[in-house]
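Shown next, in structure tokens, is the structure this report addresses.
One-based numbering, in listed order, for ligands and for the atoms of each. Every heavy atom of this structure was used, including side-chain atoms; hydrogens, water molecules and symmetry mates were not.
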Amino acid sequence: MRTQVGIVGAGPAGLMLSHLLHRHGIDSVVLESRSRDHVEHRVRAGVLEQGSVDLLCRTGLGERLLREGLRHEGIELRFAGESHRVPMTELTGRAITVYGQQEVVKDLIAARLAAGGTILFEADVVRLDGLDSSSPVVRYRRDGREEELRCDFVAGCDGFHGVSRGAVPEGVLTSYERAYPFAWLGVLAAAAPAVQELVYAHHDRGFALYSMRSPEISRLYLQVAPDEDLAAWPDARIWAELRARLETVPGWSLTEGPVLEKSLTPMRSFVVEPMQWERLFLAGDAVHIVPPTGAKGMNLALADVALLGDAFAAWYGHGRTDLLAGYSTTALRRVWRAQHFSWWMTSMLHRLAHDDPYEAKLQTATLRYAATSRAYATSLAENYVGCPRSDHLGPAPAEAQPPTWPPRDTPCRPGAGGSDATTTQRRSTYS
Ligand SMILES: Cc1cc2nc3c(=O)[nH]c(=O)nc-3n(C[C@H](O)[C@H](O)[C@H](O)COP(=O)(O)OP(=O)(O)OC[C@H]3O[C@@H](n4cnc5c(N)ncnc54)[C@H](O)[C@@H]3O)c2cc1C
């Protein structure tokens, strides 16, 4: 099989890239190791930044999102028995939308298949070859047979445990990492949310987050030990702990309901630089992980491939190499902004050490500052709703654009770029 861009992984990054490329007239094939049913029902992130909503709406994927997504204009900080609202929209003019990652994935898969796109499920990529040639090969196993996909470029969108990052020769990549001494126990419950907006709760017993997926479904999180055993958390214990950490303001009580799913999410900060080697471009969790406190993971994945889609369009449409060459530098600016914000939210809200009352006092002081200073709250809000692409992130510097590739002998397909004519413009309530 041959295509222009071979994409490894059908998460938000890989599927969105395939969708964007299609709109630019560029052919791609997505290879995904799991089944369609599995990826469409994997409960993970659920908060879309304003820029992610705009991207989905601008590219014809807004219909269900605008109908079912829950627009939120603020979040609540709960600490020391007090409750404070951060009015994000009042402070920034932008908002977030609660819409499950699995719903984004379903919409993307439906759009790709409706457009005749190729997504091969249960195709396990085992090796990438020839990344430094003009015709890389993606080798994958499907139905017990080894197959190969030849392409011009490979997009490694296969998450933290994928194979793409490992295909880069030793010594090329530098990784930056931080592990946290806690994890999140996540619960999906059939319980109408008791709140209108997300509640971030700081408590002596540990952090808790109250969020929701729909008017009927709550999504709740508890800070737990990193090696926690899920079996030690029957439903009754989970609700008791949630009550202890969240029912801290007078007159407020939790709504309980059947637990539909429980999971443990490790907390990790991780970045690999650069996000490209020769003809391999890495995006999303394959190159960076954030602790979920700032709700940035899925948004970063979408922001990466928005850049990559434009860069491939410039290459195939106009023979331009600058955007592809500058991809890593440009993407890393947003990545590091999100890394800092996610680390900051995590450090402010979690119980960091058992016997450090000084640390706890600093956390309360920081939370109180966010609750009372418009300037500080604005900083929190603009990071939470997401920085626009052109904001202070700036363009890629000139020195970061070494045109080491594509090799001169690679034919460029002129005129394939530009898809404005096919753009379905929906009136967005978010602009
Ligand atoms: C367990 C978990 C829970 C999370 N919970 C939250 C949360 O509560 N809140 C939040 O904000 N963020 C959360 N995140 C983060 C967020 O979901 C991710 O940032 C987001 O999924 C990144 O999208 P992606 O497309 O880069 O990677 P992924 O969504 O991980 O997609 C990668 C895809 O590649 C496939 N793949 C892997 N290896 C191969 C291979 N060899 N061949 C073919 N395909 C392969 C995988 O099956 C997967 O479908 C969570 C992440 C994880 C892993």
Side-chain angles (χ1 to χ4, degrees), residues 6-19 29-49 52 96 98-105 108-109 119-128 138-142 147 149 154-167 183-188 198 209 211-213 219-222 261-270 275 281-305 308 331 335 338-339 341-342 345-346 384 386:
I7 300 174
V8 189
L15 291 166
M16 179 51 104
L17 178 62
S18 179
H19 176 65
V29 169
V30 181
L31 301 169
E32 165 60 50
S33 57
R34 312 301 294 258
S35 69
R36 178 177 177 181
D37 186 63
H38 180 90
V39 298
E40 287 190 338
H41 292 93
R42 199 162 39 188
V43 178
R44 286 185 173 177
V47 171
L48 290 173
E49 293 176 353
S52 301
I96 54 136
V98 172
Y99 191 65
Q101 177 170 325
Q102 73 276 23
E103 306 307 325
V104 175
V105 164
L108 280 163
I109 290 174
I119 307 170
L120 299 183
F121 292 100
E122 298 177 70
D124 191 20
V125 172
V126 288
R127 217 171 66 234
L128 308 179
V138 182
R139 298 190 192 284
Y140 63 97
R141 220 172 270 132
R142 194 165 188 241
E147 311 271 359
L149 170 69
V154 179
C157 304
D158 47 352
F160 184 71
H161 299 289
V163 295
S164 300
R165 195 174 63 246
W184 274 15
L185 193 169
V187 172
L188 197 67
L198 274 68
L209 171 61
S211 67
M212 63 293 292
R213 287 292 185 266
R219 178 83 168 137
L220 303 127
Y221 297 96
L222 285 168
E261 200 198 275
K262 289 178 215 177
S263 59
L264 273 180
T265 305
M267 303 284 278
R268 180 188 293 127
S269 295
F270 173 76
M275 291 167 61
F281 290 82
L282 299 162
D285 276 17
V287 259
H288 44 71
I289 300 281
V290 280
T293 328
K296 290 283 161 256
M298 170 170 52
N299 293 296
L300 277 182
L302 294 174
D304 285 351
V305 296
L308 208 43
V335 167
Q339 285 286 332
F341 178 65
S342 303
M345 285 282 280
T346 303
Y384 199 86

Exercise for review: With Arg219 as reference, evaluate Leu188, Val98, Leu209 under the side-chain contact (heavy atoms from CB on, under 4.5 Å) test and give the passing residue.
Suggested key: Leu188
Proximal ligand 1 atoms for [X], defined as those under 4.0 Å from one of its heavy atoms:
X      : answer
Cys157 : 32 (C), 33 (C), 34 (O)
Thr265 : 3 (C)
Met298 : 19 (O)
Pro292 : 7 (C), 9 (N), 10 (C)
Gly284 : 26 (O)
Gly162 : 38 (N)
Gly297 : 19 (O)

Practice item. May I ask which of His38, Arg42, Met16, Arg34 has a heavy atom nearer to atom 48 (C) of ligand 1 than the others do? Key: Arg42
Quick one: look at [X] and ligand 1, take heavy-atom pairs under 4.0 Å, and tell me if it's side chain, backbone, both or neither.
X      : answer
Ala301 : side chain
Ala286 : neither
Leu31  : backbone

Report the nearest protein non-hydrogen atom to [atom]: residue, atom name, distance rounded to 0.1 Å.
atom                    : result
atom 21 (O) of ligand 1 : Gln101 NE2, 2.8 Å
atom 41 (N) of ligand 1 : Val125 O, 3.1 Å
atom 8 (O) of ligand 1  : Tyr221 OH, 2.6 Å
atom 39 (C) of ligand 1 : Ser33 OG, 3.7 Å
atom 19 (O) of ligand 1 : Asp285 OD1, 2.7 Å
atom 30 (O) of ligand 1 : Arg44 NH1, 2.9 Å
atom 31 (O) of ligand 1 : Gly11 CA, 3.4 Å
atom 11 (O) of ligand 1 : Ala45 CB, 3.5 Å

Check your understanding: Just by distance, do the side chain of Asp124 and the backbone of Ser33 share a donor-acceptor pair under 3.5 Å?
Key -> no
**Study point:** Side-chain donor or acceptor of Gln102 paired with backbone N/O of His41 under 3.5 Å
**Key:** no
[X] to ligand 1: N or O pair under 3.5 Å?
X      : result
Ala13  : yes
Gly14  : no
Ala295 : no

Do [X] and [Y] come within less than 4.5 Å of each other through their side chains, counting heavy atoms only?
X      : Y      : result
Glu40  : Ser35  : no
Leu48  : Met298 : yes
Asp158 : Val163 : yes

Review point. Gly186: heavy atom below 4.0 Å from ligand 1, yes or no?
Key: no
Check your understanding: Any non-hydrogen atom of Ala123 lying under 4.0 Å from ligand 1?
Key -> yes
Point to revise | Side-chain donor-acceptor contact under 3.5 Å, Tyr140 with Arg142 | key: no
Practice item. Using only heavy-atom distances, determine whether the side chains of Asp285 and His161 contain a donor-acceptor pair under 3.5 Å. Key: no
**Study point:** Under-4.0 Å salt bridge between Arg36 and Glu122
**Key:** no
Check your understanding: Using 30° and 60° as the class limits, which term best fits the ring planes of Phe270 and Phe160: parallel, tilted or perpendicular?
Key -> perpendicular
**Study point:** Shortest non-hydrogen separation from Asp304 to Gly284 and the atoms involved
**Key:** OD2-N, 2.8 Å
Review point. Closest approach of Gly14 and Ile7, non-hydrogen atoms and distance?
Key: CA-CG2, 3.6 Å
Revision key, fill the gap. To the nearest 0.5 Å, atom OG of Ser342 lies from atom OH of Tyr384 at 10.5 Å
Exercise for review: Count the heavy atoms of every other residue, nucleotide or ligand shown that sit under 6.0 Å from CZ of Arg139, and state whether that count exceeds 12.
Suggested key: yes
